[in-house]
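Structure record follows, encoded as structure tokens.
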2 protein chains.
Amino acid sequence: MRPREFDHDDVLRIAFDQFWRKGVRGTSLSDIARDAGVQRGSLYNAFGSKEALFLQAYERYAGDYLLALQKVLGAGSLRKRLTAFFDLTITNFRTGSPPRGCPTTRGLMELGAAEGEGLDEEARQAFANLISRITALVQDALSAGAARGEFGGNPAAAALHIITVTRGLAVLERAFGDEPQLRKIAAHTIDLVLDKQGR
Amino acid sequence: MRPREFDHDDVLRIAFDQFWRKGVRGTSLSDIARDAGVQRGSLYNAFGSKEALFLQAYERYAGDYLLALQKVLGAGSLRKRLTAFFDLTITNFRTGSPPRGCPTTRGLMELGAAEGEGLDEEARQAFANLISRITALVQDALSAGAARGEFGGNPAAAALHIITVTRGLAVLERAFGDEPQLRKIAAHTIDLVLDKQGR
DNA sequence: AGAGTATTTGACACGACGTCAAGAAAATGC
DNA sequence: GCATTTTCTTGACGTCGTGTCAAATACTCT
């Protein structure tokens, strides 16, 4: 056995950074190879394909991100939790310059509509999976809030609504790049859901 | 002067159909040329570049789409208008098999985060422009509704919120392809905005 | 030390984008 | 009616990206 000459995790991080900034289709394996100081062929040998490499890098990101969300969604009043949740969400795709956007949303929209086109079904499931798990976290927070009388609606419906808004924010971020506006929408959403419309 | 051997508008329609289904990056000019029965070089001669061709095709689509929206947002009670608006929105990216998704959202997420990457600034403005104009239409409907006592909130904030939800729906459509779920979210959003939370 | 095995490396085939020069076809002027 | 001109068309080219393969390489285990 000959040992790898590069660190698996280093490559994963470097690759995801590129994918995040430029999208999967917009990132070439040559770019990653150059950045990581690895030969292009070695990447194919180690990961099989660009999509497989992306998937591994994405899973890594998804795990980290879920942990961070779990943290902010688990402490404080419901309003505080939701505020922190939106905050982390917006911060997540507003970091970097230019801002990197939301990798999940970008990945989803990069999917080919037809079969075989672009990213494959496995990637779609990875994206859907992260969204589902985030939805579950939000729903848990809402249910906990309901138990404490901080919320009187349907946790499942409200969680879905909140998630939809975060996905929409990811899109508007791309369109306008106007962070204050995103935060306003987030605040408004919290008001709507908590039924204090601030009028 | 030698006349064109193909119809400008035909090509635009054929091209946009492909862009819509497979994204800009996922569509090759060879595909379009084959589909349209035109030589690839002729497309370059007539449009200049893939992005320019996309932009023209997109503007065409945007105009049609705006007209349709204007129609449904201008008649009936506010609730009816919003329902028809969400209906048209969801129908728009659920048509075709497999569903084609939302071209605006896809286009936005295909944009390169950095300069020079992928679609250029002009495309971003075209996307942002359509979103802005749709927002304005929704806001008009809300204002009209407010004048008739059908709505008591802030039209600008509510319109922005609604638009955000539609962008989120476009993303969730990609993730889950679950049309009934999308419609539920839409209905819930209308309830929230009109302040009848259906509890 | 030697054999085995996985990794690295460079070359290859293929397709896509965009450019360019040469050929083709119609409108205009004489 | 014919030549000219102007535009469109056509095919070839260079570059870059993806993915494959066989040969060379370097480590490990016996």
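Just so we're on the same page: letters track the sequence lines, and every chain starts at 1. Excluded from the calculations below are hydrogen atoms, water molecules and symmetry mates; all remaining heavy atoms, backbone and side chain alike, are included.
Remark: C1' of C:dA16 and CZ of B:R34 are 12 Å apart, rounded to the nearest angstrom. Distance CZ (A:R25) to P (C:dA16): 13 Å, rounded to an integer number of Å. Atom CZ of A:F54 and atom P of D:dG17 are 19 Å apart (whole Å). One can place CG of B:L29 at 20 Å from P of D:dT15, the figure rounded to the nearest angstrom. Here the P atom of nucleotide C:dC17 and the CZ atom of B:R40 are 7 Å apart, to the nearest Å.
Side-chain N or O atoms of A:E150 include none that pairs as donor or acceptor with a backbone N or O of A:S77 at under 3.5 Å.
Of the listed residues (B:D17, B:N92, B:T104), just one forms a side chain to side chain donor-acceptor pair (under 3.5 Å) with B:Y61, and that residue is B:N92.
The environment of CZ in A:R133 is sparse: at most 12 heavy-atom neighbours from other residues, nucleotides or ligands sit within 6.0 Å.
You'll find that the side chain of B:S30 is closest to C:dC17, out of C:dC17, C:dG18, D:dG17. The nucleotide whose nearest atom lies closest to any side-chain atom of A:E5 is, among C:dT8, D:dA12, D:dT18, C:dT8. Listed nucleotides: C:dT8, D:dT18, D:dT9. Nearest to the side chain of A:R4: C:dT8. When distances are taken from the side chain of B:N45 to each of D:dG19, D:dC8, C:dT7, the shortest belongs to D:dC8.
Base engagement by B:S42 is indicated by at least one non-hydrogen atom pair under 4.0 Å involving a base atom. Within 4.0 Å (heavy atoms only), A:F6 reaches sugar-phosphate atoms of the nucleic acid but no base atom.
Relative ring orientation between A:Y58 and A:F127 is described as perpendicular, the plane-to-plane angle rising above 60° on a 0-90° scale split at 30° and 60°.
Taking only side-chain nitrogens and oxygens, A:Q39 never comes nearer than 4.0 Å to OP1 or OP2 of C:dT7.
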